Amino acid sequence: MDKWMNNNNFNKILAVAFSIILWAMVHIDSAPTAQSTARLESKIIENIPIQMTGQDNDKYEYSMDADSVRMEVMGKRSDITYMFSDAYKVTIDLSKAEPGTSEIPLKYSLPRGVELISITPKEVHVHIEQRVTKSFPVTVVTKGTPAQGYQFGTPVAEPGAVKVTLAASEIARMAKVQGTIELNGENETVTGKRMKLAAYDANGKEIKDAVIEPASVSVEIPVTLPYKSVPLKIGYTGSLPDSLVLSKVTPEVDKVVIYGQEAALASVASYEATIDLSSINGAGTSTLKLDLKPPDGIQDIAPKSVNVTVVASEMAERTLQDIPITLEGVRSGLSASVTSPAERTISLTLSGARSLLDQLNKDDIKAVADLSGLSAGNHVVPLQVSLPSFIELSNKQRTSVTVQLYNPASSASPSATPASGSTATPEPSTEPVSGGGSVDEPAASADNGASEEPTPTVSPDGGDNPSGDSEPSAQ
């Protein structure tokens with residue numbers, strides 16, 4: 001090798017070779033640069049999303065007048081053709097934005113080797129509102145039908161109310177929070193079913209931006225037979241000890257719910273629970289538990305039992321004077337007048353608890369003579385006496401009156417026959433009853449009709465006064 005290196009011709013050849021190599025390197029490296037510069041191209045990229053940064057979503061609601069931009073960029077064909085659109089980033093910094101509306105410039109980042117020619121828009125208007133949280137009740141909508149003969153009851157959501165967070169302007173137009181449950185053919189109560197919630201405005205349009213907490217609730221939907229609520233009435237069997245009377249009977253509820261088919265429900269107007277009075281041994285207050293059983297044709301009843309507070313008291317008596325007699329049912333064209341008793345009032349001796357008797361006055365008692373179907377003449381008519389609850393007539397008093405029916409157009413005055421047999425002409429009743437209009441002063445006596453003494457009728461005023469077979473003994 002040393003021999004070659006010392007050879008002058010060899011060194012010359014080697015120098016020429018290095019020169020050629022250097023020349024080639026310079027020219028080969030510069031040529032592509034010129035070609036690359038010549039191949040730069042532009043491209044338009046649409047719908048690049050604007051990404052928000054620095055926002056406080058817990059405190060504010062943000063809205064912008066644009067959510068994407070259009071970019072025109074320049075670069076090598078390979079850089080702008082094969083680069084994915086998500087490599088282009090456009091952001092807006094909201095960290096210093098205040099509530100209200102403001103114009104904020106956009107920031108962008110591009111892939112390496114790509115330059116921006118233009119961006120539209122360069123800034124956006126941002127509206128910032130305070131977020132508001134408000135509680136709303138949950139509305140449950142059921143779709144579908146239960147099993148034949150059954151019906152859906154009122155759904156119950158747990159929790160029954162949720163919190164909704166929205167911008168102040170949005171929450172002002174909110175109307176309800178609602179979910180839908182789809183059912184089909186159920187014949188028993190549906191429990192534990194989850195239901196997703198959505199917020200709606202007054203027009204039924206969903207408000208998409210609403211944040212609902214919790215987003216879903218548990219729902220229970222009763223599935224029952226048809227039902228209706230009927231009054232609870234108290235009946236009586238047995239009898240109290242001779243010295244006792246009822247003074248107050250109070251059930252803990254005044255209505256019960258019965259379940260059954262529609263036809264069976266329609267036939268039931270009320271439900272009667274019966275107290276056995278023989279179970280009460282002394283004066284005072286006692287609580288009786290009555291088991292309630294469904295009536296015939298009814299599948300179920302609620303509640304299954306009811307507590308009734310019963311107050312028994314020592315029996316007392318009181319006589320009330322001047323109870324007015326009312327005439328009803330006068331045939332058309334006739335007028336009526338009470339001829340006996342002459343005072344046209346009656347006195348009644350009543351029995352019951354002392355506290356109830358002391359509260360009585362004559363306006364609490366109604367004595368009615370029913371003249372329906374009677375013709376002109378004198379008639380002995382039983383009085384129907386209506387008494388307050390737990391008040392009775394004492395000693396089976398006879399309560400009847402003599403009434404004269406007459407034609408007011410007759411010239412003769414109506415006459416009365418007193419019990420002594422003597423003939424008298426009493427004045428007409430201070431409250432005569434006319435079937436054909438106002439009562440004129442009678443002018444002539446009507447034909448006396450045969451009359452007989454009927455058994456008096458006593459009717460309670462519709463309260464829980466035990467009477468007849470169903471009443472406690474007052475002896």
Side-chain angles (χ1 to χ4, degrees), residues 229-258 268-296 298 300-320 323 348-361 364-368 382-399 455-475:
S229 178
V230 296
L232 173 64
K233 295 186 176 181
I234 303 299
Y236 306 92
T237 60
S239 59
L240 293 170
D242 290 344
S243 62
L244 296 182
V245 291
L246 293 177
S247 59
K248 189 174 184 181
V249 176
T250 310
E252 62 182 346
V253 296
D254 57 3
K255 292 183 178 181
V256 297
V257 179
I258 54 175
V268 180
S270 62
Y271 181 87
E272 183 175 281
T274 303
I275 292 177
D276 183 2
L277 296 175
S278 63
S279 63
I280 301 174
N281 299 320
T285 301
S286 57
T287 300
L288 305 179
K289 182 179 180 181
L290 304 183
D291 293 328
L292 308 184
K293 296 182 179 180
D296 291 341
I298 300 299
D300 201 3
I301 187 170
K304 302 290 186 184
S305 63
V306 62
N307 291 324
V308 181
T309 301
V310 179
V311 181
S313 304
E314 295 293 335
M315 184 174 63
E317 289 188 347
R318 180 186 174 190
T319 299
L320 266 70
I323 298 171
L348 295 176
T349 300
L350 307 174
S351 64
R354 172 58 61 190
S355 59
L356 298 180
L357 293 173
D358 289 344
Q359 298 172 12
L360 279 180
N361 60 61
D364 297 324
I365 302 170
K366 189 173 184 182
V368 177
L383 288 178
Q384 298 176 352
V385 180
S386 297
L387 301 172
S389 298
F390 311 123
I391 300 297
E392 299 178 3
L393 286 176
S394 182
N395 299 327
K396 306 296 183 183
Q397 298 172 78
R398 301 189 64 81
T399 51
T455 303
T457 302
V458 180
S459 62
D461 64 351
D464 291 331
N465 186 18
S467 177
D469 291 340
S470 62
E471 70 180 28
S473 173
Q475 301 300 322

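As the structure is a computational prediction, the values presented were derived from the model and not from experiment. For reference, positions follow the sequence shown, starting with 1.
Interatomic distance, Ile391 CD1 to Ser386 OG, rounded to the nearest 0.5 Å: 13.5 Å. Taking CG of Asp364 as the start and CD1 of Ile323 as the end, the distance is 10.0 Å to the nearest 0.5 Å. To the nearest 0.5 Å, the span separating CD1 on Ile234 from CD on Glu272 amounts to 8.0 Å. The distance from the CD1 atom of Ile275 to the OG1 atom of Thr237 is 9.0 Å, given to the nearest 0.5 Å. Atom OG1 of Thr349 sits about 6.5 Å away from atom CD of Glu317, to the nearest 0.5 Å. Here the straight-line distance linking atom CG of Leu292 with atom CD1 of Ile258 works out to 12.0 Å at 0.5 Å rounding.
In terms of heavy-atom proximity, Ala269 sits nearest to Pro231 at O-CD, 3.3 Å. Nearest heavy-atom pair across Leu360 and Arg318 is O-NH1, 3.0 Å. Of all heavy-atom pairs between Pro303 and Val256, the closest is CD-CG1, 4.1 Å. In terms of heavy-atom proximity, Ala273 sits nearest to Leu232 at CB-CD1, 4.0 Å. Listed here is the closest heavy atom pair of Val249 and Phe390: CG2-CZ, 3.6 Å. Heavy-atom minimum distance, Leu387 versus Leu393: CD1-N, 3.7 Å.
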Pair Val245-Leu356, side chain to side chain contact (heavy atoms under 4.5 Å, CB included): steps then yes or no: CA-CA 11 Å; Val245 291; Leu356 298 180; over 6 Å; no
Residues Glu314, Leu244; criterion side chain to side chain contact (heavy atoms under 4.5 Å, CB included); working and verdict: CA-CA 5 Å; Glu314 295 293 335; Leu244 296 182; 3.6 Å; yes
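Applying the side-chain hydrogen bond (donor to acceptor under 3.5 Å, both in side chains) criterion to Asp254, with sequence neighbours excluded, gives no partner residue. Partners of Ser355 according to the side-chain contact (heavy atoms from CB on, under 4.5 Å) rule, which considers only residues two or more places apart in sequence or in another chain, are Ala353. Checked against side-chain hydrogen bond (donor to acceptor under 3.5 Å, both in side chains), Gln359 has no partners two or more places apart in sequence or in another chain. Shown here are the salt bridge (charged side-chain N to carboxylate O under 4.0 Å, His left out) partners of Lys304, two or more places apart in sequence or in another chain: Asp300. Asp358 meets the salt bridge (charged side-chain N to carboxylate O under 4.0 Å, His left out) test with Arg354; sequence neighbours excluded.
In this structure a side-chain-to-backbone donor-acceptor pair under 3.5 Å is missing from Tyr271 to Val257.
Side-chain contact between Leu277 and Leu246 is present, with heavy atoms from C-beta onward closer than 4.5 Å.
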Extract all donor-acceptor atom pairs below 3.5 Å that involve side chains of residues 279-290 and protein atoms in other chains or at least two apart in sequence.
residue : atom : partner : partner atom : Å
Ser279  : OG   : Asp276  : O            : 2.6

